[in-house]
> 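Encoded as structure tokens, here's the structure I'll be asking about.
So you know, we letter chains A, B, ... as the sequences are listed, proteins then strands, and number each from 1.
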There are 2 protein chains.
Amino acid sequence: MNYSEFQKVIQYYRKSNAKEAITENRKEIRVKKEKTVAKNLQRIFEATLKIGNKKGFQAMSMRDLSDETGLSMGALYAYFASKENLLVMLQRNGRDNFQKILEDCIDEAATPLENLHKLIRTHVYFSEAMQPWFYFTYMEGKNLKKMERKIAVDHELHSDNILSTVLTKGEQEGAFKKLPHQLTAALIKSLLNDWYLKRWKYAKMDVSVDDFAKYVIDFVESHCLVKKSGN
Amino acid sequence: MNYSEFQKVIQYYRKSNAKEAITENRKEIRVKKEKTVAKNLQRIFEATLKIGNKKGFQAMSMRDLSDETGLSMGALYAYFASKENLLVMLQRNGRDNFQKILEDCIDEAATPLENLHKLIRTHVYFSEAMQPWFYFTYMEGKNLKKMERKIAVDHELHSDNILSTVLTKGEQEGAFKKLPHQLTAALIKSLLNDWYLKRWKYAKMDVSVDDFAKYVIDFVESHCLVKKSGN
DNA sequence: CAATAAATCGAACGTTCGTTCGTTTTGATC
DNA sequence: GATCAAAACGAACGAACGTTCGATTTATTG
């Protein structure tokens with residue numbers, strides 16, 4: 001799999017982008033027609049990511065958002081209860097998509113090594129496709145209120161666990177070395193995160209998303225793989 | 001070297017913490033007595049890091065800072081020209097310290113492998129000692145104005161170059177593999193950054209700063225080192 | 001202990017913020 | 001095209017913001 005193949009696969013996720021955010025927050029949204037909500041909420045999310053990634057969510061004013069979306073202040077508040085609530089909706093929506101993608105990635109039939117490859121590639125490719133959301137969520141995570149931040153942390157630990165589970169399974173099958181897999185998983189994650197956190201750097205180096213995924217795989221394999229001694 | 005040894009080494013840097021920030025901004029600081037400036041600026045820096053890392057620099061009000069430092073609003077403005085200027089001073093001061101530490105780390109006499117070890121350990125240990133500043137600077141970097149952000153980016157690329165230079169030197173001496181060293185350096189940096197960005201995770205895993213440094217070194221060596229075939 | 005300088009204080013200023021709500025526009029129904 | 005609900009509008013509100021500055025306290029000097 002490479003990135004252009006991946007893009008086709010995820011068309012489905014892109015289209016249903018705000019759907020879950022709607023059903024989950026239906027009571028707080030004052031607009032009735034589903035189609036109108038979907039269109040405008042999508043517009044609001046994109047504008048928030050655009051402005052938020054430039055100057056930070058706190059520094060984004062509702063007037064900024066009004067200008068960017070073309071909706072009036074009053075209209076905006078028909079789609080969310082407060083600025084804080086907008087932040088929560090936006091983060092939740094993306095997290096749910098990401099979690100679903102990652103879990104679809106676990107393939108019991110595949111070997112642990114194949115599964116590790118697929119997890120790495122999917123992470124890199126999905127964060128490439130949704131870069132604004134990933135960057136935004138990483139940077140604004142600490143601005144969430146206690147309860148919502150706990151959920152965010154749980155999601156992060158869950159995705160760490162998906163990785164470490166594969167590593168453990170690989171160790172049992174003799175493909176991977178015996179290592180502290182939880183720690184390894186955390187370090188792999190930090191490599192993967194760098195793709196959307198330091199995108200400018202990789203652009204400058206002329207490293208493509210496919211190059212990056214391949215190199216991270218090599219890097220991780222060097223460390224985890226049991227080398228077959230001259231067979 | 002381990003962390004407790006490192007702590008002794010950097011006592012010097014800790015004490016001269018705000019000294020450079022003072023000389024560089026002397027004209028903007030209205031307070032005359034050097035000793036008063038040093039004491040209060042240090043207090044202001046620490047308070048800014050504390051509040052800023054909790055709620056973000058933008059969301060920190062001057063009233064918050066006044067409460068935390070015990071200085072009045074008017075007194076605060078005797079030490080910096082504006083909120084924006086405080087951000088710049090704080091970032092510059094830390095960057096200068098970090099750069100100095102890193103450059104003291106380059107040891108022409110040592111082997112590239114020894115030098116790599118020293119760079120990794122120093123990075124991890126220094127970011128442990130100055131965690132609030134590192135976290136703050138990573139998160140608030142994008143809020144800098146154009147010119148100041150360019151300086152920050154240049155510093156980041158410079159520290160990448162220090163790493164890749166050592167890797168290249170090691171390759172020439174036959175100790176390290178032939179690899180895209182710039183890319184490798186970027187990935188190593190992302191591992192190192194994770195120590196102060198995701199500190200809560202490593203605390204939860206009960207990984208000490210020494211454990212972490214050792215494991216990163218192992219991870220990097222697995223990838224970069226030329227394996228001596230059964231000698 | 002005056003006299004002078006240095007440092008601190010905190011009320012006040014003009015903006016800008018998030019949010020509201022009475023009004024206007026749009027779109028569907030008969 | 002009249003009627004009515006849905007959606008969008010944008011001026012207005014009080015709160016909170018960064019910043020200033022004349023008054024006050026603290027420290028230094030002769």
> Atom NZ of A:Lys55 and atom C1' of C:dT16: how far apart are they, to the nearest Å?
11 Å
> In Å, rounded to the nearest 0.5 Å, how long is the span from NZ of B:Lys39 to CD of B:Glu34?
13.5 Å
> With nearest nucleotides of DNA chain D determined for B:Arg30 and B:Ala59 from heavy-atom distances, which residue corresponds to the more 5′ nucleotide?
B:Ala59
> In whole Å, I'd like the distance from the CG atom of A:Leu41 to the C1' atom of D:dA7.
15 Å
> Roughly, in whole Å, what's the span from CG in A:Asn143 to P in C:dG18?
13 Å
> Provide, to the nearest angstrom, the distance between the CE atom belonging to B:Met73 and the C1' atom belonging to D:dG18.
7 Å
> Taking the side chain of A:Met62 as heavy atoms from C-beta outward, which of D:dA8, C:dT19, C:dC9 is closest to it?
C:dT19
> Using whole Å, what does the distance between atom P of nucleotide D:dC17 and atom NZ of A:Lys83 come to?
12 Å
> At 4.0 Å (heavy atoms only), tell me whether B:Asp64 reaches a base, stays on the sugar-phosphate, or touches nothing.
nothing
> Using a cut-off of strictly less than 4.0 Å, decide whether A:Asn40 has a side-chain nitrogen or oxygen near OP1 or OP2 of D:dA8.
yes
> Under 4.0 Å, heavy atoms only, any strand: does B:Ser66 hit a base, just the sugar-phosphate, or nothing?
nothing
> For B:Leu71 and C:dC9, give me the distance from atom CG to atom C1', rounded to whole Å.
10 Å
> Is B:Glu68 salt-bridged to B:Arg63, going by a charged N under 4.0 Å from an acidic O?
no
> Counting only side-chain heavy atoms from C-beta out, which of C:dG10, D:dT19, D:dA7 sits nearest to A:Val31?
D:dA7
> Could you tell me if the ring centre of A:Tyr3 sits under 6.0 Å from that of A:Tyr125?
yes
> For B:Ser72 and C:dC9, is the shortest distance between a side-chain N/O and OP1 or OP2 below 4.0 Å?
yes
> Verify the ring-centre separation between B:His155 and B:Phe98: is it less than 6.0 angstrom?
no
> What integer distance in Å separates A:Tyr79:OH from D:dA6:P?
13 Å
> Grab the NZ-C1' distance between B:Lys39 and D:dT26 for me, whole Å please.
12 Å
> Is B:Asn85 touching bases, backbone alone, or none of the nucleic acid, heavy atoms closer than 4.0 Å?
nothing
> If you assign B:Arg63 and B:Thr36 each to the DNA chain C nucleotide with the nearest heavy atom, which residue ends up on the more 5' nucleotide?
B:Thr36
> Check this for me: does any side-chain nitrogen of one of A:Asp160 and B:Lys201 sit under 4.0 Å from a carboxylate oxygen of the other?
yes
